Amino acid sequence: MSQDIERVEMRNIISPGHVMRVDKAKYEAMKDAMLAVVPADAPGHSVAEIKAGVLPRLPEALFPGGAKAGWWLRGVQLDLEARGIIARVPGKPLRLYRI
């Protein structure tokens, strides 16, 4: 990985204390797209609904053809949960909403 890429810390609610340093541009693009799609009220949206809404909002230059969008969606989801920005609704399928 290039040292010239600006990085940001991404947390994980499943592994408290575990932090990854990731590409800031990709993180911010996914975060902005997710927050535009995830509703403010429970029961929220399923991950599949969120992914369908996020994909058209992602910059093609960062996610050509949606490449790696699933990994980034999951990583940013866990980070936003760890930061208390989004939450899960109990039950299945997994549903998320903004706090």
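Since we're looking at a predicted model, the values are computed, not measured.
Taking 4.5 Å as the limit, every side-chain heavy atom of Arg74 sits out of range of all side-chain heavy atoms of Lys51. Residues Arg88 and Leu96 form a side-chain contact, since some pair of their non-hydrogen atoms from C-beta on lies under 4.5 Å apart. Residues Ile85 and Asp79 are not in side-chain contact: their nearest non-hydrogen atoms beyond the backbone lie 4.5 Å or more apart.
In terms of heavy atoms, Glu9 sits closest to Arg21 at CG-NH1, 3.5 Å. Taking all atoms of both residues into account, the shortest heavy-atom contact from Trp72 to Val22 is CH2-CB, 3.6 Å.
Taking Lys68 as the reference, nothing meets the salt bridge (charged side-chain N to carboxylate O under 4.0 Å, His left out) condition, with sequence neighbours excluded. Not counting sequence neighbours, the partners of Pro59 by the side chain to side chain contact (heavy atoms under 4.5 Å, CB included) test are Ala29, Leu62, Phe63. Residues meeting the side chain to side chain contact (heavy atoms under 4.5 Å, CB included) test with Ile99, sequence neighbours left out: Ala87. Looking at residues two or more places apart in sequence or on another chain, you find a side chain to side chain contact (heavy atoms under 4.5 Å, CB included) between Arg57 and Ala33, Ala36, Val37. In this structure, the salt bridge (charged side-chain N to carboxylate O under 4.0 Å, His left out) partners of Glu49, at least two apart in sequence or on a different chain, are Arg95. Arg98 meets the salt bridge (charged side-chain N to carboxylate O under 4.0 Å, His left out) test with no other residue; sequence neighbours excluded.
Transitive grouping of hydrophobic side chains (ILVMFWY, heavy atoms separated by less than 4.5 Å) brings Leu35 and Ile50 into a common cluster. Under the 4.5 Å side-chain heavy-atom criterion for grouping Ile, Leu, Val, Met, Phe, Trp and Tyr, Leu94 is connected to Leu73 within one hydrophobic cluster. Residues Trp71 and Val47 fall within the same hydrophobic cluster, defined by Ile, Leu, Val, Met, Phe, Trp and Tyr side chains chained together at heavy-atom separations under 4.5 Å. The hydrophobic clustering, which links ILVMFWY residues whose side-chain heavy atoms are closer than 4.5 Å, places Tyr97 and Leu80 apart.
Glu81 places no side-chain N or O within donor-acceptor distance of the main-chain N or O of Asn12, the cut-off being under 3.5 Å.
None of Lys31, Lys26, Lys24 except one satisfies the side chain to side chain contact (heavy atoms under 4.5 Å, CB included) rule with Val8; the exception is Lys24.
Rounding to the nearest 0.5 Å places CE of Met10 at 11.0 Å from CD of Gln77.
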Would Arg11 and Leu78 count as a side-chain contact (heavy atoms from CB on, under 4.5 Å) if you check the C-alpha gap in whole Å, the side-chain angles of each, and the deciding distance to 0.1 Å?
-> CA-CA 7 Å; Arg11 301 175 189 172; Leu78 294 172; over 6 Å; no
